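I have placed the structure first, in the form of structure tokens, so that the comments after it can refer back to it.
Position 1 is the first residue of the sequence, and the numbers go up from there. Just so it is clear, the model here is predicted, and its values are computed rather than measured.
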Amino acid sequence: MDECHKPGTGHQEQHHKEPLESLAKILIISLFQGVERLRKGCDGKHADACHHLSALYMEDSHDKQVVSKDMKKAFEYAVKACDLGNIYACVNVSIMYMRGDGVEKDQKQSDKYKNIAIEKKKEAEKAKQLVFQEGLKPA
């Protein structure tokens, strides 16, 4: 048995610890890059990117180096996502106004965003009902 694998030497534990630390660093970098890509997407007016960023800021992350809970940022990204057409973000904004999460409680604003979500849902359902012809009908 070589020196590194002898029980009680500590070498075996060190060999297992180093890959885990390297993996953790890679994951942190990947998470950071993912968040940056979402920010760029949101800046580029992609509603889903803004919505996902909002959700990230609503939760306590396991790694606060990347994103830590910030309800004000969550609210800002949710409003932007709603303005860009994300129905779920509109629902979140309504709830945040109702609860006072990341913004001052405001029932009128809550109702406003609830109604926006309802209207966007109706529009989406109506769009699903559109039927497109395949080709032209003979004259």
Side-chain angles (χ1 to χ4, degrees):
M1 183 177 268
D2 67 24
E3 187 67 28
C4 289
H5 293 95
K6 283 185 183 174
T9 62
H11 294 300
Q12 191 174 19
E13 292 84 9
Q14 185 62 28
H15 281 296
H16 291 291
K17 190 176 179 182
E18 288 173 9
L20 290 176
E21 288 174 356
S22 295
L23 180 61
K25 288 177 185 175
I26 290 169
L27 288 174
I28 290 169
I29 291 168
S30 295
L31 288 170
F32 182 77
Q33 289 173 339
V35 170
E36 285 306 305
R37 287 186 178 132
L38 286 173
R39 282 192 183 110
K40 285 180 183 178
C42 185
D43 290 343
K45 301 187 184 214
H46 293 280
D48 289 344
C50 298
H51 177 62
H52 289 301
L53 270 174
S54 175
L56 285 173
Y57 281 109
M58 285 183 191
E59 299 293 326
D60 263 334
S61 166
H62 290 287
D63 193 332
K64 298 191 186 321
Q65 294 177 40
V66 181
V67 175
S68 56
K69 187 173 181 176
D70 185 334
M71 292 305 288
K72 286 182 181 185
K73 282 186 180 180
F75 175 78
E76 290 169 9
Y77 283 118
V79 169
K80 188 168 183 178
C82 178
D83 290 346
L84 293 170
N86 186 293
I87 296 168
Y88 304 107
C90 298
V91 171
N92 285 348
V93 172
S94 175
I95 292 168
M96 292 171 90
Y97 268 121
M98 184 178 66
R99 294 179 179 167
D101 284 340
V103 67
E104 192 172 319
K105 255 186 182 183
D106 188 330
Q107 191 57 49
K108 285 184 182 180
Q109 288 294 332
S110 176
D111 293 342
K112 172 187 167 184
Y113 280 94
K114 177 182 174 183
N115 290 330
I116 290 170
I118 290 168
E119 284 304 310
K120 288 184 185 298
K121 183 179 181 202
K122 286 178 186 176
E123 289 171 14
E125 288 171 353
K126 195 181 282 188
K128 285 182 185 177
Q129 294 173 1
L130 292 177
V131 179
F132 293 94
Q133 274 186 289
E134 292 184 30
L136 298 173
K137 289 184 181 181

Given side chains that start at C-beta, do those of [X] and [Y] come closer than 4.5 Å, heavy atoms only?
| X | Y | result |
| --- | --- | --- |
| N86 | C50 | no |
| M58 | M96 | yes |
| D70 | K72 | yes |
| H51 | N92 | yes |

Consider only side-chain N and O atoms of D111 and Q107, and report whether a donor and an acceptor are under 3.5 Å apart.
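Note: D111 and Q107 side chains meet the donor-acceptor criterion.
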
Can you label the angle between the F75 ring and the Y97 ring as parallel, tilted or perpendicular, going by 30° and 60°?
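Correct class here is perpendicular.
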
Would you call K122-E125 a salt bridge at under 4.0 Å N-O?
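Salt bridge flag = no for E125 with K122.
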
Do the side chains of E123 and K120 get close enough for a salt bridge, i.e. N-O under 4.0 angstrom?
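K120 and E123: not salt-bridged.
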
According to a 4.5 Å side-chain heavy-atom criterion applied to Ile, Leu, Val, Met, Phe, Trp and Tyr, with indirect links allowed, do [X] and [Y] form part of one hydrophobic cluster?
| X | Y | value |
| --- | --- | --- |
| V79 | V103 | yes |
| Y113 | M71 | yes |
| L84 | Y88 | no |

Return the [atom1] to [atom2] distance between [X] and [Y], rounded to the nearest 0.5 Å.
| X | Y | atom1 | atom2 | answer |
| --- | --- | --- | --- | --- |
| E76 | K80 | CD | NZ | 10.5 Å |
| L53 | H46 | CG | NE2 | 12.5 Å |
| Y77 | R39 | OH | CZ | 5.0 Å |
| K73 | S68 | NZ | OG | 7.5 Å |
| K121 | C90 | NZ | SG | 13.5 Å |

Closest non-hydrogen atom pair between [X] and [Y], with its separation:
| X | Y | answer |
| --- | --- | --- |
| A74 | S54 | O-OG, 2.7 Å |
| A49 | C42 | CB-N, 3.6 Å |
| V91 | A117 | CG2-CB, 3.8 Å |

Using atom types as modelled and distance alone, determine if a side-chain donor or acceptor of S110 lies under 3.5 Å from a backbone N or O of S94.
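At least one qualifying donor-acceptor pair exists.
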
